[in-house]
There are 2 protein chains.
Amino acid sequence: MSSNDHLCGCHGSMQSCVSIVPIFNHLQPPQMETIMKAVRTRTFKKGESIYRAGDFSDTLYIVHKGKIKTYRLAESGKEYLVSVLHPGDFSGEYALFSESIHESYAETLEPSEICTIQRKDLQGILEKYPEVALKILGEFSRKLEQSEKQTAYFATERVESRIALYLADLQRQQGERLVKLPMSRKDLAAHLGTTPETVSRKLADLESGGYIRQHSPKKLEILDLDGLLA
Amino acid sequence: MSSNDHLCGCHGSMQSCVSIVPIFNHLQPPQMETIMKAVRTRTFKKGESIYRAGDFSDTLYIVHKGKIKTYRLAESGKEYLVSVLHPGDFSGEYALFSESIHESYAETLEPSEICTIQRKDLQGILEKYPEVALKILGEFSRKLEQSEKQTAYFATERVESRIALYLADLQRQQGERLVKLPMSRKDLAAHLGTTPETVSRKLADLESGGYIRQHSPKKLEILDLDGLLA
DNA sequence: CGCGATATTGAGTGCACTCAACTGCAGTGG
DNA sequence: CCACTGCAGTTGAGTGCACTCAATATCGCG
C-alpha cells in the first residue's frame, strides 16, 4: 500500500522500478533494497531499439516509464508483434533460464525508462529469495496460458473474430466502455496476423453492425460486448 | 546414468516415472525417493479423457508410457491441437501456479500410463528442493519461446510454410531423414490451423516439388530440407 | 497552414475453405 | 477366404475471405 518514496534518497527513482513489478513488489523493504543494488536504469527515445534478434541475452528488462513493443520478423520480412509492455511489465525472461540468444526484437513506442538486471545478479536473487522464483513461475504460467490462447485464436478464428476478441480483452483490462488502443493500425495488424487495410475494414464493419463506435483511430467505445463475441 | 530399478521394490514401475522427467531427473536418489512418494500412477485406454476444460485443476500430469494430446475448443467447435506429449513430457502446469480451472482438454492417443502429483505435494517439493523450481522455470521458458514461435508462424506464414516448418522441426527432433508423424491428418490439421484436405494437398505439392517423399501416411522422407524452408 | 505519416476506401486476385465423391486399408463376420 | 463395413486419406469443383496494389482522406505536428 504505502510507497516509501523517501526511504532511499540516494537511489532516487530507481526504487519504484523494483516496487512496481509484480515479481518483486511483495518483498519486504530491506529485500527490495538488495535487489535495487543490482538494478540499472536506462532511458530511451521513441522508436529506439532495446535489443535485437541475434543479440546475446543475459539481461532482464523491466519497463519503468513509457511503452515498448516486442516483435519477431519472418524470413519474408513480415512482422509479428508479440506484445506491448507497459510500466511493471518485463521482458527478456526466456533467455534467463535456457537459450541465450534473442529471437525477437524490442523497441520503444514512446520515450521510456527501462530497468535492467543482469542474469547473474538475478540468479543470486533467486537463490537468496526463493519466493521470487515462485512469483516468476506464476507470471510465466500466466504468459504461457495467454500465448497458447492467442495461438488458438489464430488457428480457429477468422480475422473479424480475432479483432473482436482483442477488443474484448482490452475492455476487460481497462474496465471502461471507452477503450484506448495502445498501438497503430499497422502494429495492431502485425499483432493480429493481418493487414492495416483489413483492420480498418473490419472495424468499420463492427461499427456499422452497431457493436462499437470509433471516436478516433485509437479511441473506441464498446457498445455491445456480447454481440461482439458472437 | 544407472537406473536402479530394484532400489524400491514396493513401488515398482513408479520410480522411472520420476527419473525420466527433465525437471526431476537431476536429483539425487534419496530426493527422488521423496518425490516418488507423492506420485500416483493411472492407466488409460486409447482415446480416454485425462482432463477437460472447466475441470478444477490441481494436478501435474507426467507421461510415463504412451502418447497424449492437449487441445482447445473454440466456441464454433473448431479444435486447436496444442501439443502431443511423449514419455517424460508433462502438462497441467499452468494451473499449478495461477489459474485453477483448465482451459484445455487432454486425452490419450494410445494406451498410456500417466503419473500425477497433487498441487500441494508439488509445492512442498518446491520448498524443499528450490533447484526444482529453477528446472521448471527453464522448462517454462522453453515452452513459452516455442508457443511464441508457433504464434508467429500463424501470423506470418501461409499453410504450406507452416507445414514445411513443422516437418523441419520434426526432422530436427528425430534426427533422421525418415520422419514419423506422431498424429493423423485430422490432428495435424488441428495443430497447424488448417483442414485435413489442405494438409493432403500441400504434402502432395511438396512431394511433386521433390522436397519430400511420402512412404505411408505417417512416414515421410525429407529429401531437401533447405528447399523445404524456402 | 502545409507537409508527412497514418488511416480509410476501392478494385481485383488468389489461397485455402467447404462440400462431395472416391480410394485404400484394417478389422469383422459370414 | 473373401465380401462388408467403417474410418482415414486423397482428389475434385466451386466459393468466399482476406490479401495486394492503388487512390484518396484524415490526422498530427512543426
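Only a predicted model underlies this, so the values are computations on that prediction, with no experimental measurement involved. Chain identifiers are assigned alphabetically (A, B, ...) following the order of the sequence lines, protein sequences preceding nucleic acid strands; residue numbering begins at 1 within each chain.
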Phosphate oxygens OP1/OP2 of C/dC17: is one of them under 4.0 Å from a side-chain N or O of B/Thr198? yes
Select one nucleotide: of D/dT20, C/dA7, D/dT10, the one nearest the side-chain heavy atoms of B/Arg185. D/dT10
Which of C/dT8, C/dT18, C/dA16 is nearest the side chain of B/Glu197? It is C/dT18
In whole angstrom, what separates B/Glu207's CD from D/dG9's P? 15 Å
5'-most by nearest nucleotide on DNA chain D - A/Gly193 or B/Val199: B/Val199
For A/Glu157 and D/dA18, give me the distance from atom CD to atom C1', rounded to whole Å. 16 Å
Taking only side-chain N and O atoms of B/Lys202, does any of them lie within less than 4.0 angstrom of OP1 or OP2 on C/dA16? yes
Winner on side-chain proximity to A/Gln214, out of D/dC19, C/dT8, D/dG9, is C/dT8
Rounded to whole angstrom units, what separation is found between the NZ atom of A/Lys186 and the P atom of D/dC27? 21 Å
Winner on side-chain proximity to A/Val159, out of D/dT10, D/dA18, C/dT9, is D/dA18
Whole angstroms only, please: what is the CD-P distance between A/Glu160 and C/dC17? 18 Å
Specify the separation, in whole Å, of atom CG of B/Leu203 and atom C1' of D/dA8. 14 Å
Is it true that A/Ser91 and A/Tyr51 share a donor-acceptor pair across their side chains at a distance under 3.5 Å? yes
Under 4.0 Å between a Lys/Arg side-chain N and an Asp/Glu carboxylate O for B/Lys67 and B/Glu110? yes
Find the distance A/Arg158:CZ to D/dG16:P and express it as a whole number of Å. 11 Å
Looking only at side-chain atoms of A/Ser200, point me to the closest of D/dG9, C/dC17, C/dA7. C/dA7
Output the single nucleotide from C/dA7, D/dT11, D/dC19 whose closest atom is nearest the side chain of B/Ala204. D/dT11
For C/dA16 and B/Arg201 - does any side-chain N or O of the residue sit under 4.0 Å from the phosphate oxygens OP1/OP2? no
Send over the distance from B/Ile163 CD1 to C/dA16 P, rounded to a whole Å. 9 Å
Side-chain touch A/Lys65/A/Ser112, heavy atoms, less than 4.5 angstrom: no
With under 30° as parallel and over 60° as perpendicular, where do the rings of A/His191 and A/Tyr166 fit, or are they tilted in between? perpendicular
Side-chain contact check for B/Thr194: nearest option of C/dT18, D/dG9, C/dA16 is C/dA16
Please report the distance, rounded to the nearest Å, between CG in A/Leu192 and C1' in D/dC19. 16 Å
Any chance the side chains of A/Thr59 and A/Gln118 put a donor and an acceptor closer than 3.5 Å? yes
